[in-house]
Amino acid sequence: MISKWAVPSLEDIPKDQASDDVLREDTPKEQVADNILTINTTARDACITGDLATADKLLTHEINTDSNDYNSYANHLFVMARKANWDRALDEALEVTKLTPSSHIGYQLQHAALHGAQRYDEAIDAFQTMLSKSENAPDTQTRKLRQQYVNAERAIQETIKAQLDDAPHRLLNTFTGRLCNREVQIDAFKASTEYKELLSSTLVRVDLRMERIQDVVETYFRCVTLSHRWEGKEPLMHDIQDKVIDELNPVGGIMKLQSFCKTARAAGYRWGWIDTCCIDQTNNAELQKSLNSMFVWYHTSALMMVYLSDVPPSSKPGAMARSAWNTRGWTIPEFLAPKVIRFYQNDWTPYLDDHSPNHKQSVAIMQELEDVTGIDAKTLVAFSPGMINARKKLRWASTRVTTVEEDIAYSLFGIFGVQISVMYGEKKQSALGRLLQEVVARSGDISALDWVGTSSEFNSCLPADITSYEAPPYTLPSISEDEMQRSISSLQDTMIAELALELYTSLDRLSAPRFANCRLHLPCIAFPVTEVRRRPIKHKETYFMYEVKANGLDDLQITTEDRLLQFSQGRPARQSFLLVHPWDCRLLGLPDYADDTESMDDFTLPGSPGEEGPVDSESSERAMRLIVRLGQPFSAFLLAQQRSGEYKRIASDRDIITQVKDVDSVHSMDVRTLEIL
């Protein structure tokens, strides 16, 4: 097979290095061709027509006739290259070097022959020698070759950097069994055949495209990540540093590590990453960076291997769903982030004997994962991190556990696409609080405030535990267009349009919810509580039940662990309470969250009632639609005012669902922003 890499053609080789400037830059091509043709016209024609045997015979005769004519050797080398006879081609290049020891041409020919023979180390050495021999050469071709070499090295270096920017700092070399930092990884590449072939190729082919460099670098540095369940004593970084994994005693976590490397190696992957020993757990800065980068690492990995240690060989469908792996917090990003994933049983054979390259393409496996996680298969296959549907994402994690309590929040950083400081020892309420604070503040999405259970010490509007999101969120009743129009028609007889527009304007001008110093500034519609009375409750010794009345709202019952002061209109309380409707700007009928990062304050709709100008029928229509929506049942918060004027949320064991009594209650609503501790 003829190599695709061409040695210098006849026109690249001067007839005589000290001759009459045959190949000067300004020499007309016709003159160059004429001079070269004088070497051996018949041999040249034979090469052009592909008659290599004739060219070989003629040039061999010419060499035997005049063994000091290095042009004949050079031309014969070209024929040998065309025949892929690289040993003979190298012999001719060495003869040219011997005849012209001070010239760079022989080394250029050596490089071409050695590259063709796939002896890339020697090829690069020959090229570098050629450059040194021609260091002061004035000709344009030599300067171009030197710049080509510099550009090739720079392009490869830049491609390596770009490839490793989104990769872990430490990786396991599955072939050597050693843990390697970034510098060792790069050194290993530069010592590899892949690198030498690539660099040498860029020197013989000026037109080598960047895509080729990217493909070689990407293929070499492909990394496999492992998703697993920590069990017993797992090997940490100091346990394997400067050791060969395969030489360690194969027990416990070491055996798992050895099997991971073996499986990855068999699949053709040189590099592997596992969270036990590829992070220096004692280095806070490294740990911080790693936890904030894991989702990206998983996403850019070539493959995520999921090891199910409690799923035996030849398991039937459903075994993966029953695995304890599905109860762990960190596994959520580990199966959502990767583009390619494969599940393995405890003997490291593919789950359900599915040997396909990507189990995300397996309908059966994705359906099983959907059933156990509650995450639809479409999201499992192509998940995008961000703030949208925050409440739904929190519910995914609500039944999961982590060994370290703060990790229940840290494991969700990538899901929401946030970068937050890691502070082990802060306790889970603080960790979860900081995450939820970021989500609410950046997105304006108040669905994260929709929970039942116990209030957090971080802020009373946030839950103390992720389990508070396990129950499905309250869903507003849908209104058909016919129902909407009937409701609007009935309102027009009982309510002045200007009042509806005034309320719309007030709500449209509300700022998005925000946090400052763990205090939530919550825009809402407030209803003063007028009566709280305790009622007996069965089977819940630690809870209290209260009947609550508020101006403009239907009466309701609330069950809580908090002991509330009882009062009524005839018996005023020392503490005031509010039932509030947390404001959701989507009730205005504006477009839904345009993207995760856009501020809710930025939403304006041309011609909306909040703008200056004459009131038109379209504005009135939107205002009336808002009144209808506000008349629907909603999930309320019960707030108790503190001595300093701020409020605290009273947590309940179920959603507090209430509704305005009548239209008068709607148009007299109290719109404000409350500060909640």
Side-chain angles (χ1 to χ4, degrees), residues 227-229 294-295 298-299 304 306-308 310-311 315-339 341-343 351-352 354 358-402 407-418 428 432 435-436 439-440 443 445-453 462-476 478 592-593 596 635 653-655:
S227 173
H228 67 115
R229 185 164 55 95
M294 280 184 184
F295 192 91
Y298 299 153
H299 184 70
M304 171 66 80
V306 177
Y307 179 58
L308 307 172
D310 52 358
V311 174
S315 290
K316 303 299 182 183
M320 182 264 286
R322 294 188 295 271
S323 171
W325 175 85
N326 275 303
T327 67
R328 309 302 297 177
W330 279 109
T331 58
I332 295 180
E334 290 169 359
F335 64 70
L336 285 177
K339 298 183 286 290
I341 194 169
R342 296 189 77 188
F343 293 86
Y351 179 57
L352 300 184
D354 186 336
N358 186 5
H359 286 172
K360 283 202 171 186
Q361 303 305 317
S362 166
V363 174
I365 294 178
M366 287 300 101
Q367 184 60 56
E368 185 174 343
L369 195 57
E370 175 181 338
D371 292 342
V372 70
T373 62
I375 306 173
D376 65 273
K378 183 178 179 181
T379 300
L380 291 172
V381 171
F383 174 78
S384 296
M387 303 291 184
I388 293 177
N389 296 321
R391 178 62 171 77
K392 180 189 291 186
K393 293 170 182 173
L394 291 166
R395 193 182 182 203
W396 296 344
S398 63
T399 59
R400 294 180 177 257
V401 295
T402 55
D407 279 346
I408 198 63
Y410 300 163
S411 64
L412 298 176
F413 285 0
I415 301 296
F416 289 104
V418 298
K428 66 179 177 183
L432 183 59
L435 171 64
L436 297 175
V439 171
V440 173
S443 70
D445 183 357
I446 61 171
S447 68
L449 308 180
D450 185 356
W451 51 269
V452 294
L462 302 178
D465 197 282
I466 195 76
T467 56
S468 291
Y469 293 109
E470 184 175 358
Y474 175 72
T475 304
L476 292 172
S478 59
D592 205 349
Y593 300 169
D596 290 355
S635 180
D653 70 338
R654 65 193 67 187
D655 290 317

Practice task
Compare all side-chain heavy atoms of Met304 with those of Tyr298 and state whether any distance is below 4.5 angstrom.
Solution key: yes

For Lys339, does the NZ atom have more than 12 heavy-atom neighbours from other residues, nucleotides or ligands under 6.0 Å away? yes

Walk me through whether Met320 and Leu369 qualify under side-chain contact (heavy atoms from CB on, under 4.5 Å).
CA-CA 8 Å; Met320 182 264 286; Leu369 195 57; 3.9 Å; yes

dist Leu308:CG -> Ser315:OG (nearest 0.5 Å) comes out at 9.0 Å

Between the side chains of Glu470 and Ser398, does any donor sit under 3.5 Å from an acceptor? no

Counting C-beta onward and ignoring hydrogens, is there a side-chain heavy-atom pair between Asn326 and Arg400 closer than 4.5 Å? yes

### Query
Are the side chain of Ser447 and the backbone N or O of Arg391 linked by a donor-acceptor pair below 3.5 Å?
yes

So CE of Met387 and CG of Asn389: to nearest 0.5 Å the spacing works out to 13.0 Å

Mark yes or no for whether Asp450, through its side chain, and Pro473, through its backbone, hold a donor-acceptor pair below 3.5 Å.
no

Checking Asp371 side chain against Ala321 main chain: does a donor-acceptor pair fall under 3.5 Å?
no

Separation between CZ (Arg395) and OH (Tyr469), nearest 0.5 Å, reads 13.5 Å

Nearest heavy-atom contact between Ile408 and Ala397 is CD1-O, 4.2 Å

Q.
Between Arg342 and Val306, does the side-chain contact (heavy atoms from CB on, under 4.5 Å) criterion hold? Intermediate values first, please.
A. CA-CA 6 Å; Arg342 296 189 77 188; Val306 177; over 6 Å; no

Original post:
Taking the inter-plane angle between the rings of Tyr410 and Phe413 on a 0 to 90° scale, is it parallel (under 30°), tilted (30 to 60°) or perpendicular (over 60°)?
Top reply: tilted

| said: Are Val452 and Tyr474 packed together at the side-chain level, in the sense that at least one heavy-atom pair is separated by less than 4.5 angstrom? | reply: no

Heavy atoms of Val311 and Ser323 approach each other most closely as CG2-CB, 4.0 Å

ask   = Does Ser411 reach the main-chain N or O of Asp407 with its side chain, forming a donor-acceptor pair under 3.5 Å?
value = yes

Between Pro385 and Phe295 the two heavy atoms that sit nearest each other are CG-CE2, 3.8 Å

dist Ile365:CD1 -> Lys360:NZ (nearest 0.5 Å) comes out at 12.5 Å

### Query
Distance-only, no hydrogens or angles: does the Glu368 side chain make a donor-acceptor pair with backbone N or O of Pro317 under 3.5 Å?
no

Under the criterion side-chain hydrogen bond (donor to acceptor under 3.5 Å, both in side chains), I'd like the reasoning laid out for Thr379 against Asp376: C-alpha separation, chi angles, the key distance, then a yes or no.
CA-CA 6 Å; Thr379 300; Asp376 65 273; 2.9 Å; yes

In terms of heavy-atom contacts, Gly374 and Trp396 come closest through O-NE1, 4.2 Å

- Query: For Thr399 and Thr327, what are the C-alpha separation, side-chain angles and deciding distance, and is it a side-chain contact (heavy atoms from CB on, under 4.5 Å)?
  - Reply: CA-CA 7 Å; Thr399 59; Thr327 67; over 6 Å; no

Full working for side-chain contact (heavy atoms from CB on, under 4.5 Å) between Ile466 and Leu432: CA-CA 8 Å; Ile466 195 76; Leu432 183 59; 4.0 Å; yes

Closest heavy-atom pair, Ala448 versus Leu394, reported as atoms and distance to 0.1 Å, is CB-CD1, 4.0 Å

Sidechain-backbone polar pair: His299 side chain, Ala337 backbone, donor-acceptor under 3.5 Å:
yes

When rounded to the nearest 0.5 Å, the distance separating OG of Ser384 from CG of Leu336 is 10.5 Å

**Asked** If we only count heavy atoms from C-beta on, is the Lys393 to Leu412 side-chain gap below 4.5 Å?
**Response** no

- Message: Quick one, Ile415 and Ile332 - any side-chain contact, counting heavy atoms below 4.5 Å?
- Response: yes

key: Heavy-atom check, side chain of Val401 versus side chain of Arg328, under 4.5 Å   = yes

(message) If you take the centroid of each ring, where Trp contributes its six-membered ring, are Trp325 and Phe343 closer together than 6.0 Å?
(response) yes

One should read off an interatomic distance between Phe335 CZ and Thr373 OG1, to the nearest 0.5 angstrom, of 5.0 Å

Asp354 and His359 have their tightest heavy-atom pair at O-NE2, 2.8 Å

Is there a side-chain contact between Leu436 and Leu449 in this structure, where contact means two heavy atoms from C-beta onward sitting under 4.5 Å apart? no

I want to check something: taking the side chain as every heavy atom from C-beta on, are Leu380 and Glu370 in contact at a cut-off of under 4.5 Å?
yes

